[in-house]
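Please find one structure pasted underneath; my questions will follow.
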Amino acid sequence: MRALVGRELRLALRHPADTLSAVLFFVLVAALFPFGVGPSPELLARLAPGALLASALLAALLPLDRLFGAEAEDGSLDQLLLSGLHPAAIAGAKALGHWCTTGIPLVLATPVAAALLNLPIEAWGVAMLSLGLASAILSVFGAAGAALTLGARRGGVLLPLLVLPLAIPAVIFGAAAIEAAASGLEARPYLLLEAAILALAAPMAPLAAGAALRGD
């Protein structure tokens, strides 16, 4: 499994377009908000928590439809399934690779998007932590969604419809954490709720993805 995660990281380094496109999408969507709702600093700061979460999760969705697609096309996915690794472990490794190559760059880009949305500097740290947890949740649910829609016609359309509703609690608690930090309140309870969702999803979603890869 460790070797599979390393392979995902090496592939991302050789082909950085997916990571760069996700980060650029995230920053550009954040940059569009001032044009859409007006330049009022107070209004932008009020919208910033939800806008950051929604922009980041939509950006993280971009590379998901190719999570298993490339390996399925060249036959390496069949070799992985015959290698003796449990399909759930393969799905877990792919989800971890997706988070490392997409989630972490989005977290690092959060201060830029937060500045564009006039989020107070005091809340930037909580925003990065909240986006890190939310993107990890999306990665594990996204791996399950990508496995379920693998080979389906219009799978790229079905994938967001399957994954985004599952990410709604992460958006709610993540935005609440950022808003609490921006208001000088305690953000820890909301972050713990996000972490609890991740703790539930991390073992369950790869099992569902593995069953889908086996064709159960």
Side-chain angles (χ1 to χ4, degrees), residues 1-29 55-109 131-167 170 198 200-216:
M1 184 172 174
R2 189 181 303 170
L4 188 54
V5 175
R7 175 176 173 270
E8 293 295 314
L9 298 179
R10 288 193 296 276
L11 286 174
L13 289 175
R14 289 176 191 167
H15 307 286
D18 285 347
T19 299
L20 288 175
S21 61
V23 172
L24 287 175
F25 181 90
F26 174 48
V27 174
L28 286 174
V29 170
S55 304
L57 294 187
L58 289 174
L61 271 176
L62 294 179
L64 268 181
D65 63 338
R66 293 186 295 279
L67 196 62
F68 297 107
E71 283 87 352
E73 289 175 2
D74 63 18
S76 56
L77 181 60
D78 292 331
Q79 293 180 0
L80 282 174
L81 292 172
L82 294 172
S83 66
L85 275 174
H86 195 282
I90 296 173
K94 298 288 282 185
L96 180 57
H98 175 268
W99 184 72
C100 290
T101 57
T102 304
I104 291 177
L106 290 177
V107 170
L108 296 177
L131 261 68
L133 290 168
S135 58
I137 292 168
L138 187 85
S139 292
V140 291
F141 282 139
L148 286 168
T149 57
L150 182 64
R153 294 182 63 185
R154 301 185 184 277
V157 177
L158 288 174
L159 183 57
L161 299 178
L162 285 174
V163 175
L164 286 178
L166 297 173
L198 178 59
L200 285 173
M204 294 173 62
L207 288 175
L213 291 176
R214 282 199 312 263
D216 292 349

**Closest non-hydrogen atom pair between Leu158 and Thr149, with its separation** = CB-CG2, 3.9 Å

**Request:** Could you tell me whether the side chain of Cys100 reaches within less than 4.5 Å of the side chain of Leu9, counting heavy atoms only?
**Result:** yes

**Item:** Least distance between heavy atoms, Leu57 atom then Ala134 atom
**Value:** CD2-O, 3.7 Å

**Item:** Partners meeting salt bridge (charged side-chain N to carboxylate O under 4.0 Å, His left out) with Arg66 (sequence neighbours left out)
**Value:** Asp18

**Message:** For Ser135 versus Gly103, what's the shortest heavy-atom pair and its separation?
**Reply:** OG-CA, 3.7 Å

**Request:** Could I get the full list of side chain to side chain contact (heavy atoms under 4.5 Å, CB included) partners for Ser76, not counting sequence neighbours?
**Result:** Arg7, Glu71, Asp74

**Asked** For Ile137, does its backbone N or O pair with a side-chain atom of Trp99 as donor and acceptor, under 3.5 Å?
**Response** no

**Request:** Say whether, by atom type as modelled, one donor and one acceptor occur between the side chain of His86 and the main chain of Leu81 under 3.5 angstrom.
**Result:** no

**Asked** Can you tell me how far the CG atom of Leu82 sits from the CG atom of Leu77, to the nearest 0.5 Å?
**Response** 9.5 Å

**Request:** Please check if the side chain of Lys94 supplies one atom and the backbone of Phe68 the other of a donor-acceptor pair under 3.5 Å.
**Result:** no

**Fill in**
Between Pro160 and Leu61, the two heavy atoms sitting closest are CB-CD1, 4.1 Å

**Steps toward side chain to side chain contact (heavy atoms under 4.5 Å, CB included) verdict (Phe141, Leu64)** = CA-CA 10 Å; Phe141 282 139; Leu64 268 181; over 6 Å; no

**Prompt:** Checking Thr19 side chain against Thr101 main chain: does a donor-acceptor pair fall under 3.5 Å?
**Reply:** yes

**Request:** Starting from the C-alpha separation in whole Å, work towards a yes-or-no answer on side chain to side chain contact (heavy atoms under 4.5 Å, CB included) for Leu166 and Leu162.
**Result:** CA-CA 7 Å; Leu166 297 173; Leu162 285 174; 6.0 Å; no

**Message:** If I take atom OG from residue Ser55 and atom CG from residue Leu106, how far apart are they, to the nearest 0.5 angstrom?
**Reply:** 10.0 Å

**Spacing of CG belonging to Leu131 relative to CD1 belonging to Ile104, to within rounding of 0.5 Å** = 13.0 Å

**Request:** Might you point out which heavy atoms bring Leu148 and Ala212 nearest each other, and give the distance in Å?
**Result:** CD2-CB, 3.7 Å

**Asked** For Leu150 and Ala72, which heavy atoms make the closest approach, and how far apart are they?
**Response** CD1-CB, 4.0 Å

